[in-house]
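Only one structure is covered here, and it is reproduced in the block below.
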Amino acid sequence: MCLTIPAKVISMKEGPIDAPVREIVVEDSRGERSIRAISLPELKVGDWVLYTLDLAVRQVSQEEAQEIIDLLEPRKFVDLSSLSPSFSSVLAKSFSHDLDRSDIIQLLSTEDEIEMEALFSEANTLRQANLRDFFCIHGIIEFSSNCVRSCYYCGLRKPSKDVTRYRMMPEEVVEAAVDAVDGRGYKLIVLQSGDDFDYSDDDLVEIVTEIKSRCKVFIFISVGERSAECYGRMKAAGASGVLLRFETSNPSIYEALHPGQSLEDRLELLPVLKGMGYYIASGFLIGLPEQTVEDIADDILLMKALGIKMVTVGPFIPSEGTPLSAHPAGSALMTLKVTAIARLLMPKAKIPVTTALETIESEEGRRLGLSSGANSLMFNLTPEKYRADYKIYPNKYHGKEELWEKYGLFSEELSYKMLEQKMFEAFEPEDPGEL
Ligand code: SAH
């Protein structure tokens with residue numbers, strides 16, 4: 001679902017009060033803008049509305065408006081005149097989205113407060129220019145904690161003995177998805193699991209088919225390395241995207257952490273999936289052993305080269321009982337820098353704030369992420385009874401979802417249709433069938 005933004009009505013164009021669509025001027029922290037109000041006959045100057053793109057969809061009280069303003073509080077203005085000429089020139093280059101490796105390394109390496117603020121605010125401005133205030137909330141259902149792999153960082157790795165394994169029945173996955181869509185307004189859902197081959201290809205295809213037949217939702221698959229045939233069948237059944245991180249672009253780090261797997265295999269799969277018409281979500285982990293700033297620059301460039309549409313990058317968090325349990329967590333600040341640089345290079349990409357960032361920074365992680373170039377949130381929709389057992393890392397953040405959802409746009413049919421149309425335009429004009 002998309003998030004609506006509060007603004008105060010400062011003037012209204014003359015016209016019949018009962019007209020279904022009225023032109024109004026509203027003001028928010030970014031100034032004034034003309035928008036349209038749909039089916040809000042009572043609206044008057046001084047009232048507060050929630051709007052998205054150019055559409056006011058709901059009237060709210062000033063208190064409710066303040067609630068969401070607090071969640072989305074923008075970054076403070078940065079005086080760019082105090083930046084060093086070399087940093088300014090790199091930022092200036094970002095307008096053409098062609099930062100090279102050494103530029104990226106310079107941006108990643110800065111620890112200067114003002115330079116970092118300038119980077120975040122530049123990314124925020126670019127996000128606003130390209131996607132307006134178009135924030136979305138997506139959901140993830142983690143449907144199996146079983147995994148045949150032994151990734152060194154992951155709490156669900158096969159050799160982990162102290163984890164409770166669960167495997168949702170296909171009908172349970174379908175029910176959880178339908179509840180999230182019909183009951184809570186979600187429009188894009190990620191179905192994630194460990195690499196669990198106890199689900200046959202037929203099972204996965206059946207889950208996708210059944211969800212698509214029961215509700216209107218975009219489905220993203222995140223089940224690891226399955227055959228191209230399996231992915232092709234899920235696509236034909238109606239899946240829209242695949243979430244598959246390459247984890248690191250450095251083959252020796254990859255191979256040291258993924259026994260029996262190769263980076264090459266993982267990377268070969270992504271273009272195949274893209275060729276099938278999948279919308280690709282991919283990215284990497286920050287803070288892996290031996291990872292350098294240069295590696296992170298290469299990771300960012302690889303995301304761009306792969307032409308991914310959704311960036312998913314998060315800090316590593318140590319998980320008990322894994323070979324990396326004593327390795328320090330990845331840095332939240334580095335995650336924000338990567339988010340901002342990804343936005344500079346990929347102005348239209350969908351960039352969710354990852355749960356791992358929220359886990360190390362709590363609610364503040366959401367606010368910081370959304371004001372550093374990210375434009376969506378990913379909420380956990382795994383049924384309560386299983387949620388704690390999907391322990392890829394400990395203490396996964398979970399909070400305030402209901403407050404955010406309250407400002408999600410989903411019930412008004414007319415605005416939903418218009419919004420959907422806008423959404424298609426906003427992302428990829430040449431392919432209106434995409435998200
Ligand atoms: N089996 C699927 C899903 C894996 S879990 C697949 O292979 O794609 C989803 C993501 O969680 C992984 O891609 C990894 O980047 C991330 N993850 C795993 N362990 C983590 C940890 N300890 N800290 C942070 N992220 C982790």
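Both ligands and their constituent atoms are indexed starting at 1 by order of listing.
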Under a 4.0 angstrom heavy-atom cut-off, which atoms of ligand 1 come close to [X]?
| X | answer |
| --- | --- |
| Leu244 | 8 (O) |
| Asp195 | 1 (N), 2 (C), 6 (C), 7 (O) |
| Tyr153 | 18 (C), 19 (N), 20 (C), 21 (C), 22 (N) |

Among all the protein's non-hydrogen atoms, which is closest to [atom], and how far away is it?
| atom | answer |
| --- | --- |
| atom 13 (O) of ligand 1 | Glu247 OE2, 2.6 Å |
| atom 23 (N) of ligand 1 | Ile317 N, 2.9 Å |
| atom 2 (C) of ligand 1 | Ser193 O, 3.4 Å |
| atom 6 (C) of ligand 1 | Gly224 CA, 3.5 Å |
| atom 11 (O) of ligand 1 | Ile392 CD1, 3.5 Å |

Q.
Pairs of nitrogen or oxygen atoms closer than 3.5 Å, one from Leu243 and one from ligand 1: do any exist?
A. no

Q) Ser319 to ligand 1: N or O pair under 3.5 Å? A) no

Q: Would you mind finding which of Gln192, Arg266, Arg226, Arg245 brings a heavy atom closest to atom 8 (O) of ligand 1?
A: Arg266

**Q.** Ser282, Pro315, Gly155: member with heavy atom nearest to atom 24 (C) of ligand 1
**A.** Pro315

Q: Sequence neighbours left out, what passes side-chain hydrogen bond (donor to acceptor under 3.5 Å, both in side chains) with Arg233? Give chain and number order.
A: Asp202

Q) Under 4.0 angstrom from ligand 1, any heavy atom of Gly194? A) yes

Q.
Is there a side-chain contact between Leu156 and Tyr390 in this structure, where contact means two heavy atoms from C-beta onward sitting under 4.5 Å apart?
A. yes

Q) Backbone, side chain, both or neither: what part of Leu285 comes under 4.0 angstrom of ligand 1, heavy atoms only? A) side chain

Can you tell me how far the [atom1] atom of [X] sits from the [atom2] atom of [Y], to the nearest 0.5 Å?
| X | Y | atom1 | atom2 | answer |
| --- | --- | --- | --- | --- |
| Leu188 | Ser376 | CG | OG | 8.5 Å |
| Met168 | Asp196 | CE | CG | 12.5 Å |
| Leu99 | Ile105 | CG | CD1 | 12.0 Å |

**Q.** Closest non-hydrogen atom pair, Ile317 against Ala356
**A.** CD1-O, 3.6 Å

Q: Can you tell me which residue pairs pass the side chain to side chain donor-acceptor pair (under 3.5 Å) test with a partner in residues 318-333, sequence neighbours excluded?
A: none

(Q) Run the side chain to side chain donor-acceptor pair (under 3.5 Å) test on Tyr397 and Glu361 for me, step by step, so that the C-alpha distance in whole Å, both residues' side-chain angles and the decisive distance to 0.1 Å come before the verdict. (A) CA-CA 9 Å; Tyr397 181 71; Glu361 286 285 314; over 6 Å; no

Q: If the plane angle is over 60° it's perpendicular, under 30° parallel, otherwise tilted; pick one for Tyr166 and Tyr386.
A: parallel

